[in-house]
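Following: one structure in structure tokens, then a few remarks.
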Amino acid sequence: MGDCRWRIVVFIGTMALAGCQGQSSPAPSAGGAAPAEFAKGEALFNANCAKCHGERAAGTNQGPSLVQKIYEPSHHSDASFHLAARNGVRPHHWQFGPMPPIAGVSEAEVNEIIGYVRWLQREAGIF
């Protein structure tokens, strides 16, 4: 029992220290409307991506959430999103089937979609 109490004290102390140093976890996105600068990207995402990646890129049973650490820019760059839209993607981070290419979406439109997804990721505290 003494070992258990020690672990609790260490845990509480660690959490307090992190809070004092301003390193607490960021609050999750409140789900508010996207700023005007991302409205076009949001509309394009909803029209071309949300069927599989879900509302606000939260994922569905057909595609993964893009609002998770693995899709942050240091792991999946903007170029990765461009390649996925242009060429499709074989499954590698998920249990879903392959993603087909997204026909009829220009490079400029993919940039708008990426801007919206990156905003969602920042709102969720991913980067």
Side-chain angles (χ1 to χ4, degrees):
M1 186 72 172
D3 186 52
C4 184
R5 286 186 199 149
W6 178 82
R7 289 179 189 196
I8 291 170
V9 169
V10 169
F11 174 75
I12 291 170
T14 302
M15 295 306 290
L17 181 60
C20 291
Q21 294 176 345
Q23 295 179 4
S24 59
S25 298
S29 174
E37 66 195 275
F38 302 115
K40 184 175 181 182
E42 180 178 27
L44 288 164
F45 180 89
N46 289 338
N48 296 286
C49 313
K51 178 180 176 187
C52 294
H53 291 289
E55 184 178 326
R56 297 179 66 87
T60 70
N61 62 353
Q62 296 179 55
S65 168
L66 301 175
V67 184
Q68 55 182 306
K69 189 87 170 148
I70 197 153
Y71 291 105
E72 72 176 332
S74 67
H75 192 266
H76 280 85
S77 69
D78 293 357
S80 297
F81 283 89
H82 277 282
L83 288 170
R86 183 174 49 243
N87 303 326
V89 182
R90 289 179 294 155
H92 59 287
H93 289 302
W94 61 82
Q95 72 276 11
F96 311 98
M99 178 184 144
I102 308 302
V105 179
S106 72
E107 189 171 326
E109 290 172 325
V110 173
N111 282 332
E112 295 284 347
I113 292 168
I114 292 167
Y116 171 66
V117 170
R118 297 301 190 207
W119 173 77
L120 290 170
Q121 292 172 339
R122 283 190 300 277
E123 286 293 295
I126 292 172
F127 73 97

Taken to the nearest 0.5 Å, the spacing of Leu120 CG from His53 NE2 works out to 12.5 Å
Do Asn111 and His82 touch side chain to side chain, with heavy atoms closer than 4.5 Å? yes
Looking at Ile126 and Val67, what are the two nearest heavy atoms and their distance? CD1-C, 3.3 Å
Around atom CD of Glu55, are there more than 12 heavy atoms from other residues, nucleotides or ligands closer than 6.0 Å? no
Is there any side-chain hydrogen bond (donor to acceptor under 3.5 Å, both in side chains) pair reaching into residues 63-76, and which pairs are they, with sequence neighbours excluded? Lys69-Glu72, Glu72-Ser74
For the residue pair Ala84 and Val89, what are the closest heavy atoms and their distance? CB-CG2, 3.3 Å
Mind checking side chain to side chain contact (heavy atoms under 4.5 Å, CB included) for Pro100 and listing every partner two or more places apart, or none if nothing turns up? none
Side chain to side chain contact (heavy atoms under 4.5 Å, CB included) with Ala34: which residues, sequence neighbours excluded? Phe38, Glu42, Tyr116, Trp119
Asn87 meets the side chain to side chain contact (heavy atoms under 4.5 Å, CB included) criterion, sequence neighbours left out, with Leu83
Residue pairs involving residues 93-113 (criterion salt bridge (Lys or Arg N to Asp or Glu O under 4.0 Å); sequence neighbours excluded): none
Residues pairing under salt bridge (Lys or Arg N to Asp or Glu O under 4.0 Å) where one sits in residues 75-103, two or more places apart or in two chains, turn out to be Asp78-Arg118
What are the two closest heavy atoms between Phe81 and Leu66, and how far apart are they? CE2-CD1, 4.0 Å
